Amino acid sequence: MGNAQHPHAKKPVAVPEKASLDGLDGRVRERWESADVFAFKKPTDGREVFSIDTPPPTVSGNLHAGSAFGFTHQDAIARYQRMAGRAVFFPIGWDDNGLPTERRVENYYGVRCDPSLAFDPGFTPPEKPDPKRKVAVSRPNFIALCEELTGEDEKVFEELYRRLGISVDWNFVYTTIGEHARRTSQYAFLQNLARGEAYQSEAPTAWDVSFQTAVAQAEFEEREVDGAYHTLAFTLTGTDEVIKVDTTRPELLPACVALIAHPDDERYKPLFGKTVKTPVFGAEVKICAHKDASPEKGTGIAMCCTFGDSTDVVWWRELNLPIKAVMGRDGRFVEDAPEDFDASAQTAYAQMATKTVFSAREALVGMLRESGQLLGDPRPIKHPVKFYEKGDRPLEIVTSSQWYIRNGGRDAPLRDTLLERGKELQWHPAFMRVRYEDWVTGLNGDWLISRQRFFGVSIPLWYRVDDDGEVLRDEVLVPNDDALPIDPSTDVPDGYDESQRGKPGGFVGDPDIMDTWATSSLTPQIAARWMDDKALFDLLFPMSLRPQGPEIIRTWLFDTLLRAHFEHGSLPWQHAYMNGWVLDPDRKKMSKSKGNVITPMGYVDDFGADAFRYWACCASPGTDTAFSVEQIKAGRRLATKILNASKLVLGYSAETEVDLDQVTEYVDRIELARLDAVIEKATASFEKFNYARALEATEQYFWDFCNVYLELTKVRAYGAEGTQPQATQSARVTARYIIDTVVRLFAPHLPFATEEVWGWSHNNLIAEESWPVASGLSVGEAGAAANTAHRVVADVLAKLRGEKSRAQLSMKHGVESLVICADEASLRVLQEAESDLKDAGVIQAVEYVPAEQMELKITLAAADAG
RNA sequence: GGGCCGUUGGCGCAGCCCGGUAGCGCAGUACCAUGACACGGUAAAGGUCACAGGUUCAAGUCCUGUACGGCCCACCA
């Protein structure tokens with residue numbers, strides 16, 4: 001077996017004069033690309049399919065070290081799987097859909113999207129973008145510009161991924177804004193709608209006032225911000241009794257609809273059911289009991305305003321409170337005061353109307369001080385406030401009509417089913433599942449998927465307009481499947497024509513787009529061509545592996561799992577692999593705001609792709625890793641060493657055949673037995689997606705092989721005078737076999753150097769080679785015994801070297817005599833290795849003495865005789 | 001507030017699942033041009049495995065707790 005796996009590929013050895021990494025990356029890459037080796041081929045021989053649901057990188061901006069890091073891990077896994085004989089489907093997509101692209105396009109071209117405009121086929125962007133006066137364009141025009149700009153970025157990114165040696169199939173490139181992804185996304189949404197998994201609802205939702213869009217729970221981010229407790233004096237109706245209420249958001253006082261305390265709170269028990277008058281506005285509100293009020297916070301009684309936070313929403317809903325909306329979608333207080341305000345309350349409110357949160361608060365605090373209803377001074381605190389992760393102003397809660405997909409957030413049986421799915425999925429590392437479970441368990445509402453933005457996949461719906469011109473949100477007009485993708489702002493529903501848009505008796509298009517995750521959650525369906533190639537999809541789905549970062553478990557992973565559950569009634573993949581974080585060299589998380597973001601390509605230029613990949617592959621799955629130039633340099637040294645050791649071994653002889661029957665020498669057999677153990681360990685590690693353990697095992701073996709085995713057998717392998725031809729052949733065959741094997745073991749991690757070396761003696765590509773299997777030809781030496789024997793020999797060699805080192809002599813300095821005292825088993829091993837030891841140590845005579853403990857008596861040759 | 005992960009020589013990490021003499025790489029020390037490699041080689045030095053208990057003949061490894069670091073989740077009064 002062994003070499004018999006690839007007999008056809010051998011060619012006469014051709015080793016270069018000087019082995020160097022210079023120019024190697026480009027040369028190797030050229031060979032892969034011209035052969036299109038990473039193209040997915042449908043298996044015709046019954047081999048297994050291994051399909052990878054690759055994360056589509058966001059194209060805006062530079063390639064981040066974290067992205068290169070994660071992709072290297074995936075690539076090592078993909079390359080292993082390919083070598084292990086599986087038909088690997090490793091597609092690539094670009095995530096160009098979404099807000100980051102939108103903002104860049106606005107600035108780059110000087111345009112802004114106005115979805116009410118009609119498509120202008122002749123539109124060209126302004127020659128000189130004017131940031132102050134952006135030209136309004138229709139959504140189709142805007143999307144065309146987004147596609148144009150991202151198309152440029154994608155070319156740059158493709159080049160970077162190719163240079164890193166990421167072995168994706170470039171024939172399967174998709175973009176999340178491309179026609180195919182839009183079609184898939186809209187179709188999947190319509191399926192959800194048809195099955196009742198998608199629905200619309202008018203409800204209070206988190207709202208980003210800068211971007212003026214609704215935001216989903218998965219996009220929240222908590223930030224510690226400065227705030228202050230204000231103690232407000234409410235008055236119990238019909239009495240002078242003052243009730244103190246602490247709040248950090250006094251400006252929401254006009255929206256106050258109740259005071260809430262805990263039902264068991266003795267202080268407030270007698271007050272439940274009574275009413276109070278709010279300060280300044282004098283509005284009469286109830287005092288209610290609810291378990292979510294916490295007696296410890298502030299004065300133990302809270303204002304419920306519509307709406308300050310999600311607790312307010314819960315109270316409002318569960319206690320059937322009225323609504324007093326004061327917050328506008330632009331983050332300013334609305335013009336009109338709540339309806340029930342009397343004249344003086346109206347006057348007071350007028351001082352806040354149209355103001356921002358900050359100014360309105362100032363105005364109200366002024367009024368409270370004047371009326372004496374602000375007790376004491378505000379007490380500054382730091383507290384967590386929810387933000388949209390891409391936003392810079394706190395989220396507000398406003399009522400609007402939005403589309404949702406059910407996700408178990410308000411449906412316990414569905415939630416339990418999704419938790420079960422999480423258990424079915426095999427997580428690597430396993431502890432990452434807990435994050436999924438935390439998220440699913442903590443969901444407090446369905447998935448809000450509509451966004452009031454432009455560059456994304458349109459919600460593929462229209463609504464009927466009645467004869468009075470009112471939009472009937474409940475009368476949804478759905479496109480035909482074969483019309484997808486559609487843009488309802490320019491396309492027209494069946495039975496209508498464009499002239500009826502927005503007219504009584506006509507229709508309007510839904511102006512919104514879907515959450516970017518509503519499309520990204522379909523990457524398995526998009527990449528595997530669910531819509532277009534059913535046979536291919538059935539072959540690839542459920543996919544084998546989803547590799548990704550842990551920070552998007554709550555979005556990408558969860559959403560993908562949810563969509564697959566609804567659509568296919570299955571998991572989208574068997575395995576999920578989470579990579580760790582790349583930290584800066586001081587072990588701090590990289591972030592743009594800290595300015596410590598590292599871009600990797602400079603290092604790839606300086607040290608080669610293999611060197612960078614080595615660093616990435618040293619990090620265990622799921623483990624955070626500090627960026628380390630030292631480690632990259634170590635990778636470069638390893639790559640160089642592989643070239644040089646291979647050059648030595650392949651230089652012994654130009655023979656093409658490697659016949660393990662010719663391995664006759666004990667030292668050689670030991671080495672082969674040890675190699676078998678390494679192959680087994682590397683294989684087992686890779687089968688568990690642990691490229692790092694595989695690399696470690698191979699690397700450790702390889703350095704030892706260079707330092708001990710190659711040094712021991714060099715003289716014999718050269719065929720020096722007095723060496724038996726058979727012994728020479730044994731060494732050559734062994735070394736050659738080991739190099740051919742080790743190079744393949746390294747190929748997933750260091751594809752460039754190993755491809756180069758492979759090419760010195762093979763016609764095919766190592767990327768298409770088979771993964772090594774154990775030779776089993778270690779001739780009766782079990783792995784452990786071989787290791788013991790190896791250690792005995794290596795130990796003697798090390799002691800000899802130590803003696804010379806201490807004497808400050810060259811390793812080539814002669815040894816007149818060597819007396820070895822050791823136990824009988826060790827002596828037997830050493831006698832077998834005697835001629836190699838004599839060659840490696842330049843020893844004239846060896847004597848063996850049985851003893852309890854190993855001890856050497858070394859007599860170095862006289863200095864001048866060296 | 002709940003949870004997860006980590007804490008091993010100066011630095012970066014492995015070992016822990018399945019307990020049995022503490023390992024790797026880098027840096028640092030001394031030395032070495034020998035026909036693959038100075039982007040090299042050799043050797044020596046360096047750790048009571050965060051802390052406190054427990055289980056055991058035996059604990060870096062298993063159990064309990066504590067501290068510190070990082071992350072995830074949680075209703076912003």
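These values consider heavy atoms only, across backbone and side chains, with no hydrogens, waters or symmetry-generated copies. Letters go in sequence order (proteins before strands), and every chain restarts at 1. What you are looking at is a predicted structure, and each value in this text was computed from that prediction instead of being measured.
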- Task: For B:C73, take OP1 and OP2 only and decide whether either is under 4.0 Å from a side-chain N or O of A:Thr441.
- Result: no
- Message: Can you identify which nucleotide, out of B:C75, B:A14, B:C76, has its nearest atom closest to the A:Val385 side chain?
- Response: B:C76
- Proximity to the side chain of A:Ser805 - top-ranked nucleotide from B:A30, B:C76, B:C37: B:A30
- Residues at least two apart in sequence or cross-chain that pass side-chain hydrogen bond (donor to acceptor under 3.5 Å, both in side chains) with A:Asp312, listed by chain then number, are none
- Message: Could you check whether any side-chain N or O of A:Arg267 sits under 3.5 Å from a backbone N or O of A:Pro295, counting only pairs where one atom can act as donor and the other as acceptor?
- Response: yes
- Rounded distance in Å - NZ (A:Lys804) to C1' (B:C31): 14 Å
- Look at all strands and tell whether A:Lys714 reaches a base, only sugar-phosphate, or nothing, counting heavy atoms closer than 4.0 Å. base
- Could you measure between the two C1' atoms, the one in B:G19 and the one in B:G35, and give it in whole Å? 50 Å
- Separation between the P atoms of B:G23 and B:A43, rounded to whole Å: 15 Å
- Task: Would you please say whether a donor-acceptor pair under 3.5 Å links the side chains of A:Ser653 and A:Arg736?
- Result: no
- Message: Using a heavy-atom cut-off of 4.0 Å across all strands, would you classify A:Arg801 as base, sugar-phosphate, or nothing?
- Response: sugar-phosphate
- Message: Starting the side chain at C-beta, find the nucleotide from B:A38, B:G25, B:C32 nearest to A:Gln631.
- Response: B:G25
- Does the side chain of A:Tyr614 pick up a donor-acceptor pair with the side chain of A:Glu699 at under 3.5 Å? yes
- Query: Of the nucleotides B:G3, B:G41, B:C75, which has the atom closest to the A:Trp703 side chain?
  - Reply: B:G41
- Message: Under a 4.0 Å threshold between the charged nitrogen and the carboxylate oxygen, would A:Glu251 count as salt-bridged to A:Arg249?
- Response: yes
- Using a cut-off of 4.0 Å on non-hydrogen atoms, how would the nucleic acid contact of A:Ile260 be classed: base, sugar-phosphate, or nothing? nothing
- Item | Sugar-phosphate only, base, or nothing, as touched by A:Glu222 at under 4.0 Å among non-hydrogen atoms | base
- Would one find a side-chain N or O of A:Gln808 under 4.0 angstrom from OP1 or OP2 of B:U42? no
- Task: For A:Arg317, enumerate each residue passing the side-chain hydrogen bond (donor to acceptor under 3.5 Å, both in side chains) test, keeping only those at least two apart in sequence or located in another chain.
- Result: none
- C1' spacing across the pair B:C37 / B:C18, given as an integer number of angstrom: 41 Å
- Query: With a 3.5 Å cut-off and just heavy-atom distances, do the side chain of A:Lys641 and the base of B:C37 make a donor-acceptor pair?
  - Reply: yes
- Message: Check this for me: does any side-chain nitrogen of one of A:Glu437 and A:Lys423 sit under 4.0 Å from a carboxylate oxygen of the other?
- Response: yes
- Message: Once you apply a heavy-atom cut-off of 4.0 Å, does A:Arg249 come out as touching a base, just sugar-phosphate, or nothing?
- Response: nothing
- Which nucleotide in B:C26, B:C75, B:C37 has an atom nearest any side-chain atom of A:Asn644: B:C37
- Task: Decide whether A:His749 and A:Tyr691 meet the rule of one side-chain donor and one side-chain acceptor closer than 3.5 Å.
- Result: no
- Quick one: do A:Lys386 and A:Glu222 make a salt bridge, cutoff under 4.0 Å? yes
- Please state whether the phosphate of B:G3, meaning OP1 or OP2, lies under 4.0 angstrom from any side-chain nitrogen or oxygen of A:Arg435. no
- Query: Rounding to the closest angstrom, what is the interatomic distance between B:G46 and B:C4 at atom P?
  - Reply: 39 Å
- Query: What integer number of Å spans the C1' atoms of B:A52 and B:G70?
  - Reply: 23 Å
- Note on the structure: Between CZ of A:Phe558 and P of B:C73 the distance, given in whole Å, is 13 Å
- For atom C1', what is the distance between B:C16 and B:C31, given to the nearest Å? 38 Å
- Message: Between A:Asp839 and A:Lys714, does any NZ, NE, NH1 or NH2 come within less than 4.0 Å of an OD or OE carboxylate oxygen?
- Response: no
- Message: Heavy atoms only, 4.0 Å cut-off, all strands: where does A:Gly298 land among base, sugar-phosphate and nothing?
- Response: nothing
- Query: Heavy atoms under 4.0 Å, any strand shown: does A:Ser620 hit a base, just sugar-phosphate, or nothing?
  - Reply: sugar-phosphate
- When only distance counts, do a donor and an acceptor, one from the side chain of A:Glu803 and one from the base of B:A43, lie under 3.5 Å apart? no
- Note on the structure: Side-chain contact check for A:Asp438: nearest option of B:C72, B:A43, B:C75 is B:C72
- Message: Between A:Lys297 and B:C75, is there a contact of a side-chain N or O with OP1 or OP2 at under 4.0 Å?
- Response: no
- Message: From CZ of A:Arg637 over to C1' of B:C26, roughly how many Å is that when rounded to an integer?
- Response: 8 Å
- Separation of B:G70 atom P from A:Asp624 atom CG, nearest Å, is 12 Å
- Any donor-acceptor N/O pair under 3.5 Å between B:C39 base and A:Thr640 side chain: yes
- Query: What residues, two or more places apart in sequence or in another chain, satisfy ring-ring contact (aromatic ring centres under 6.0 Å, His included) together with A:Phe307?
  - Reply: A:Trp316
- Message: Would you measure the distance from the P atom in B:U21 across to the matching atom in B:A58 and give it in whole Å?
- Response: 15 Å
- Query: For B:U42, does either OP1 or OP2 sit under 4.0 Å from a side-chain N or O belonging to A:Asn707?
  - Reply: yes
- Task: Calculate the interatomic distance between A:Arg806 atom CZ and B:U29 atom C1'; express it in whole Å.
- Result: 15 Å
- Task: Identify whether any heavy atom of A:Asp312 sits under 4.0 Å from a base atom; if not, whether one sits that close to sugar-phosphate; answer base, sugar-phosphate or nothing.
- Result: nothing
- Closest nucleotide of RNA chain B for A:Ser20 versus for A:His383: which of these residues is on the 5' side? A:Ser20
- Task: Using a 4.0 Å heavy-atom cut-off across all strands, classify A:Glu224 as base, sugar-phosphate, or nothing.
- Result: nothing
- Query: Could you state the CZ-C1' distance from A:Arg433 to B:G3, rounded to the nearest angstrom?
  - Reply: 14 Å
- Nearest to the side chain of A:Ser310, which nucleotide is it out of B:G3, B:C73, B:C75? B:C75
- Item | Residues A:Arg636, A:Asp606: salt bridge by 4.0 Å N-O rule | no
- Task: Looking at every strand, decide which applies to A:Ala798 at a 4.0 Å heavy-atom threshold: base, sugar-phosphate, or nothing.
- Result: sugar-phosphate
- Message: Between A:Lys18 and A:Glu630, which residue's closest nucleotide on RNA chain B lies nearer the 5′ terminus?
- Response: A:Glu630
- Query: Given B:C71, B:C32, B:C76, which nucleotide is nearest the side-chain atoms of A:Ser810?
  - Reply: B:C32
- Item | Length of the CG-P vector between A:Asp292 and B:G1, whole Å | 18 Å
- Query: Using Watson-Crick and G-U wobble pairs whose two distances are both under 3.5 Å, how do you write the pairing of RNA chain B as dot-bracket, with | for links to another strand?
  - Reply: ((((((((.[[[[.)....(..]]]]..((((.......))))......[[[[[..)....]]]]])))))))....
- Query: Below 4.0 angstrom from OP1 or OP2 of B:U42, is there any side-chain N or O of A:Lys799?
  - Reply: no
- Sorted by chain and number, sequence neighbours left out, ring-ring contact (aromatic ring centres under 6.0 Å, His included) with A:Tyr709 holds for A:Phe705
- Query: For the pair made of CG in A:Leu800 and C1' in B:A43, what is the distance, rounded to whole Å?
  - Reply: 12 Å
- Query: Would you say A:Lys324 has more than 12 foreign heavy atoms packed within less than 6.0 Å of its NZ?
  - Reply: yes
- Item | Sugar-phosphate or base contact per nucleotide [nucleotides 17-24 of chain B; S, B, -; heavy atom under 4.0 Å] | --------
